[in-house]
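All heavy atoms count here, side chains included; hydrogens, waters and symmetry mates do not. Just so it is clear, the model here is predicted, and its values are computed rather than measured.
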Amino acid sequence: MDNFDYKAKEWELLARDYGDNFSALQDSAEKLAEAETDRATYQAMEALIHNLNTMNSRAGAQNPFSSINYGTDTSPEGRMVTRNVLLAEERGLGNGETPIFPIQIFKVKEGVNYNENDPNYDLFKLAIRVSAKRMFPNFSFIDAPFNLQYYKECDYNTEIAYMGCRTRVIGNFYDPSREIVTGRGNLSFTTINLPRLGIEAKGNVQKFYHDLDEMMDLVIAQLTARFKIQCSKKVKNYPFLMGQGVWIDSEKLSEDGSIAEILKHGSLTTGFIGLAECLKALIGSHQGESEDAQRLGLEIVSHMRERVDAESRRTGLNYTLIATPAEGLSGRFIKIDRNKYGEIEGVTDKDYYTNSFHVPVYFNISAFKKLRLEAPYHALTNGGHISYVEMDGDPLKNLDAFEQIVRYMKDVGIGYGAINHPIDRDPCCGFTGIIDDECPVCHRHEDEVRFERFRRAKND
């Protein structure tokens, strides 16, 4: 009796009892089961988003900084999860608040979800709609040449995945056979203040490169010193990452085993901030203002990339270059430099340096030109990158324009991109959209309870 198929016997008895009506009954049961599974999946995705926006476990008082990448699973189960996490994001928290975490990233790939006949095209369209309402998901592009070179069809381990607002780990000098996104991570990164080097060079580009090389030597030495400290630890010092087998091959180690070899799969990253202000200090214009500045900007970032690549070849470790996410550092650096060098037009005369290679947000430029100028830097910053563009008004009223920008990102070679737009919410009635002086639903003003106005950091 151990091998008796109870399910088959049950269907046999039902078929006998219901006769010609059995196929209709079976079809109805399958639809009911699918509907119940879909509902349970939505609730699970809703719980995921709510939990990550309410539990405090980072530094004791912050939400965990979390990201999820999705969009390429074409199985019925995978599609159900993707659809429902997007729908849960679209609905929002509680009374319609926009979720901050997890940062959602939709992976775009031709043949999977980009074109009308692709199996997940409907999910791409849904992602466009949700992003136009909630500012997430962001979009990563597997077909960008520097991402596509690692891609192997039907192997999600090789599909580029980004962490948060830009971190990227994929290439592997230590073990080229393990160029994957799973089981690895960035070990640390240190940021170089490019505007300071530009200011001190006083227009002498040769001196600038000399000082940049010295600074990169210092950063690489610092990253290496930190790496040696990290390598001195054991599995028991990292009970989740190593003890639970999250990192590559860590499941093979004992509790007292050294993690030195495991960590060699990770990356050691040099970052930079304020390329635009550096160029202003060196030649009087930034990359959005002149072709000469764009050419010099690409030369500077290429020089930095060549330096970390050389270190990787020399050591067999993964030294990479990242376009730093310096939301706090951008204000700190400029304050220090303004106190030291005074107020310099176009350099220290504002509240923050521009992040990484971005064209400054205050500069009047079309979204398409901005993307076109920033795209080449994505290929150079193998440790991570992102490009943002700003949309005025409510993008839900012009989804075609929103999608056109996403498609242009792919066309020009952006690896990871996002579209910023204003999101307002009335906490009294729950309306989410654009609010000027009056809520368009309940028609109240900000007399007692203020409207919530969600904006992504302007210094990005």
Side-chain contact, heavy-atom cut-off 4.5 Å: [X] with [Y]?
X      : Y      : answer
Met304 : Ile192 : yes
Asp118 : Phe124 : no
Ser140 : Val108 : no
Glu277 : Ile334 : no
Thr82  : Leu126 : no

Open item on the list: Does Arg39 have more than 12 heavy atoms from other residues, nucleotides or ligands lying within 6.0 Å of its CZ?
Closed with: no

TODO: Return the minimal non-hydrogen interatomic distance between Tyr156 and Thr182, and the atom names on each side.
DONE: CE1-CG2, 4.2 Å

Counting only N and O atoms by type, is there a donor-acceptor contact under 3.5 Å from the side chain of [X] to the main-chain atoms of [Y]?
X      : Y      : result
Asn147 : Phe141 : yes
Arg166 : Ala323 : yes
Asn53  : Ile100 : yes
Ser312 : Leu317 : yes
Glu289 : His286 : yes
Asn172 : His265 : no
Thr158 : Lys152 : yes

Do NZ/NE/NH1/NH2 and the carboxylate oxygens of [X] and [Y] come within less than 4.0 Å?
X      : Y      : value
Lys264 : Asp175 : no
Glu159 : Lys109 : no
Glu390 : Lys370 : no
Lys125 : Glu403 : yes

Open item on the list: Could you check whether Lys410 makes a cation-pi contact with Tyr114, meaning its NZ or CZ is under 6.0 Å from the centre of the six-membered ring and within 45° of the ring axis?
Closed with: yes

- [ ] Tell me, please, whether Phe402 has Arg129 positioned over its six-membered ring: NZ or CZ under 6.0 Å from the ring centre and within 45 degrees of its axis?
- [x] no

Open item on the list: Are His358 and Tyr377, when compared by the centres of their aromatic rings, separated by less than 6.0 Å?
Closed with: no

TODO: Walk me through it: do Phe357 and His378 pass the test ring-ring contact (aromatic ring centres under 6.0 Å, His included)?
DONE: CA-CA 9 Å; Phe357 54 70; His378 284 234; 5.4 Å; yes

Task: Residue pair Glu261, Asp249: steps toward the side chain to side chain contact (heavy atoms under 4.5 Å, CB included) verdict - done: CA-CA 9 Å; Glu261 289 300 308; Asp249 294 339; over 6 Å; no

TODO: For the pair Thr381 and Arg305, evaluate side chain to side chain contact (heavy atoms under 4.5 Å, CB included) and give the outcome as yes or no after the intermediate values.
DONE: CA-CA 7 Å; Thr381 48; Arg305 171 63 184 275; over 6 Å; no

